[in-house]
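Right, one structure below, let's go through it.
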Amino acid sequence: MAKNSDPAADGKGDTPTPSLNFVQEIIEEHNRTGRFGGRVHTRFPPEPNGYLHIGHAKSICLNYGLAQKYGGKFNLRFDDTNPTTEEQEYVDSIREDVRWLGANWEGREFYASDYFDQLYEWAEKLIREGKAYVCDLSGDDIAKYRGDTRGGKESPYRSRPVEESLDLFRRMKAGEFPEGTRTLRAKIDMTSPNFHLRDPIMYRIMHAKHHRTGDKWCIYPMYDWAHGESDSIEGITHSICTLEFEIHRPLYEWYVQALGIYAPQQIEFARLNLTYTVLSKRRLIQLVTEKHVSGWDDPRMPTLCGVRRRGYTPEAMRKFCERIGVSKFNGMIEVSWLEDALREELNRNAPRAMAVLRPLRVVIENYPEGQTEELDAVNNPEDPTAGTRKVPFSRVLSIEEDDFRENPPKDFFRLAPGKEVRFRWAYFLKCVGVVKDDAGKVIELRCTYDPATRGGDAPDGRKVKGTIHWVSADHAIDAEVRLYDHFFLKPNPDDVPEGQDYRANLNPNSLEVLPGAKLEPSLAAATVGSRYQFERLGYFCVDKDSNPGKLVFNRSVTLRDTWAKIEKKGK
RNA sequence: UGGGGAUUGGUGUAACGGUAGCACGACUGACUCUGACUCAGUUAGUCUAGGUUCGAAUCCUAGAUCCCCAACCA
């Protein structure tokens, strides 16, 4: 019956069974053999010491998606075993980001620190059984004894009597010793080729206040000692993590076996790498502290709060994560995949509007002075239910500087002296003259309009090649528009000359602020976070820096621009 | 150097000894009141060398390349 739990395969139709990724295959194998009694229970286990980024989104979507697909559960667990780096601020932001992405942990929000008491008991048990011991070696000496590829050397404290270790461990807990003076170590194998098995440290002394347990503890478990047991305690079936933890797996398995507790299955997948992007916590923190960005939520940051501010939707993020798939191959995904996912969604859902980023004045010589008319514009051609709106038209308009060329290149469909184009939803206009300033720069276009083309169609059936957007100068509202480009100059930010680092590849033009943009008046009602397609330009969203008097828009992503491509090729 | 992983078009991902497929991109064209969207078509791949087999991306042997580990971080 549960032969194939994929809904698409349930029907009798000839829809081919979509292929499974390697994690799903493992899960279905477990379901066949009954290893977990058909249960699927995943979790997302962040450390609250930084903001979540797109790489985490991949993990969240994977874990939550698996739980959903197989009718299982999904936990949120904070791995808060290091009080010196972790803060409540991060817990809050992580919670918000996971929720935003749409992953629902249904109240199963846990903390490794919830298990500190249990972990402590288990540690004593291992000491009593001769499987752990208190070690007085200094950090340097521990490293020295751990040895090199040929093997390590046993600590002189390894054979200390169980009672002595137990006593010392209790006194460590009681706070009798200064930081760094002693550790609790698992007694495994100092000759193992896997360094993680050479008597790994389980507890270290840290006289630090923990964001949740306060001053209760002055010994804290190492991640390796806490992680597997936390999964075990929560009954996690599939403990999914990134590749670098693969070599830790034997250690988790050793702990779980030594303790005789329930064993989850760890599965490792390749973390996300994106072109033109850095995705390591260390670097993200550096970008913030060195002020290369305005903060964690700078729209150029790959943090979830950053892309959210940029205008990304949870749906687009999920679509992206689904599309990139999951495997053990450590590749690099093109950022354009992310942008495509956003375009795809916003094309369907974002209302259209007209906005002029770099205005050029247009005067219609044969249009009556002082006259205004309201023209109908379609809100979203992809969504008939979105309706229409009115846009004011008058004698003086603004168009995009880029939509006029005094000496147009071949195949330029837009305005040029003597050429006629359609002003979207309005009239056909012909350019009959240009006005220049002293420097010879075109500052105004003189045009005529054809009253018979009202609405944008010519009764005589004549065609125009180009349609351009515009706003009425007197009716337009002011806005600041922020354009973003790749944050780094090279697909791989690490591609730098000897002696430099990824910062050398920071794109100095990744942010361009246009203070004098003009918007159609309907946009005056736009609220922070709302998204629009500015026709022919891209998708934009209202930034939180907006004031009632002045809107600020972020460009989330451009539209595909075939003309830009043609022009670039011509050069 | 010791150990753990990985390698299929430009990118990502299938094919589980039997026709190398799909998606995105790129390129052509059609359509178009957004040079958008949509649609049609084209393009291009099994890391290398041997072997097993009627048949190999898949199995075997050898090699190459890339990533990761050797914190009292996670």
Side-chain angles (χ1 to χ4, degrees), chain A residues 16 18-21 25 45-47 49-50 79-82 84-86 112 135 137-139 142-143 146-152 179-185 192-198 200-206 219-220 222-224 226-227 241-250 268 270-271 273 275 281-282 323-334 336-337 340-341 343-344 347-348 352 354 377-378 381-382 411-414 421-426 428 455-457 463-469 533-538 558-567:
Chain A
S19 55
L20 303 173
N21 65 46
E25 274 185 9
E47 184 192 14
N49 70 343
D79 264 329
D80 54 351
T81 55
N82 186 350
T84 60
T85 59
E86 296 151 6
C135 181
L137 250 25
S138 69
I142 288 179
R146 189 146 37 219
D148 54 23
T149 51
R150 294 187 299 270
E179 276 189 27
T181 52
R182 283 175 230 269
T183 55
L184 182 72
R185 295 230 256 162
S192 171
N194 182 344
F195 282 79
H196 296 279
L197 262 18
R198 320 243 264 229
I201 293 169
M202 295 165 63
Y203 276 97
R204 73 284 217 195
I205 300 171
M206 294 175 105
I219 55 173
Y220 289 94
M222 297 290 290
Y223 171 84
D224 280 342
H227 191 78
C241 62
T242 44
L243 253 26
E244 67 267 29
F245 292 104
E246 201 149 21
I247 198 163
H248 295 235
R249 192 173 57 209
E268 307 85 6
R271 66 159 23 139
N273 297 300
T275 56
K281 236 179 235 183
R282 204 197 98 246
R323 208 170 271 174
I324 60 177
V326 52
S327 74
K328 301 189 76 140
F329 175 63
N330 208 298
M332 190 170 285
I333 289 174
E334 296 173 352
S336 60
W337 282 40
D340 283 332
R343 284 193 191 102
E344 202 170 293
N347 175 52
R348 277 199 312 273
R352 316 285 130 126
M354 292 199 285
V378 171
E382 305 290 323
D411 291 331
F412 186 78
F413 301 161
R414 285 109 98 143
V421 301
R422 171 167 39 234
F423 277 44
R424 190 140 161 95
W425 311 122
F428 286 10
D457 288 303
K463 300 280 186 204
V464 287
K465 278 293 252 191
T467 298
I468 66 175
H469 61 276
Q533 182 196 107
F534 289 174
E535 295 217 38
R536 303 206 307 129
L537 297 174
T558 61
L559 249 31
R560 272 210 190 77
D561 190 347
T562 306
W563 169 242
K565 231 181 272 175
I566 295 169
E567 226 189 358

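This one's a predicted model, so the numbers in the text were calculated from it and none came from an experiment. Protein chains get the first letters and strands the later ones, always in sequence-line order, with residue 1 at the start of each.
In this structure A/Phe428 satisfies the ring-ring contact (aromatic ring centres under 6.0 Å, His included) test with no other residue, sequence neighbours excluded. For A/Phe195, the side chain to side chain contact (heavy atoms under 4.5 Å, CB included) criterion is met by A/Arg146, A/Arg198, not counting sequence neighbours. The side chain to side chain contact (heavy atoms under 4.5 Å, CB included) check on A/Asn49 picks up A/Glu47, A/Thr85, A/Glu86, A/Lys281, with sequence neighbours excluded. Remark: A/Asn273 pairs with A/Asn330 by the side chain to side chain donor-acceptor pair (under 3.5 Å) rule, at least two apart or across chains. In terms of the side chain to side chain contact (heavy atoms under 4.5 Å, CB included) criterion, residue partners of A/Glu25 (sequence neighbours excluded) are, by chain and number, A/Leu20. Not a single salt bridge (Lys or Arg N to Asp or Glu O under 4.0 Å) links A/Arg422 to another residue, sequence neighbours left out. Every residue meeting the side chain to side chain contact (heavy atoms under 4.5 Å, CB included) condition with A/Asp224, not counting sequence neighbours, appears here in chain and number order: A/His196, A/His248, A/Leu251, A/Tyr252. With sequence neighbours excluded, no residue forms a salt bridge (Lys or Arg N to Asp or Glu O under 4.0 Å) with A/Arg204.
Here A/Arg560 reaches the OP1 or OP2 of B/C37: one of its side-chain N or O atoms lies under 4.0 Å away.
Within 4.0 Å (heavy atoms only), A/Leu559 reaches at least one base atom of the nucleic acid.
Taking 90° from 0 as the syn/anti boundary, the base of B/A71 is oriented syn.
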Taking protein heavy atoms under 4.0 Å as touching, what does nucleotides 18-23 of chain B look like 5' to 3' if B marks base contact, S marks sugar-phosphate-only contact and - marks none?
-----B

With the sugar-phosphate defined as primed atoms, P, OP1 and OP2, and the base as all remaining atoms, what B/S/- string results for nucleotides 68-73 of chain B, 5' to 3', for protein heavy atoms under 4.0 Å?
SSB-BS

Taking protein heavy atoms under 4.0 Å as touching, what does nucleotides 40-45 of chain B look like 5' to 3' if B marks base contact, S marks sugar-phosphate-only contact and - marks none?
------

Could you provide the dot-bracket string of RNA chain B, using ( ) for intrastrand pairs, [ ] for crossing pairs and | for bases paired to another strand, with Watson-Crick or G-U pairs below 3.5 Å?
.((((((..((((....[..)))).(((((.......)))))....(((((..]....))))))))))).....

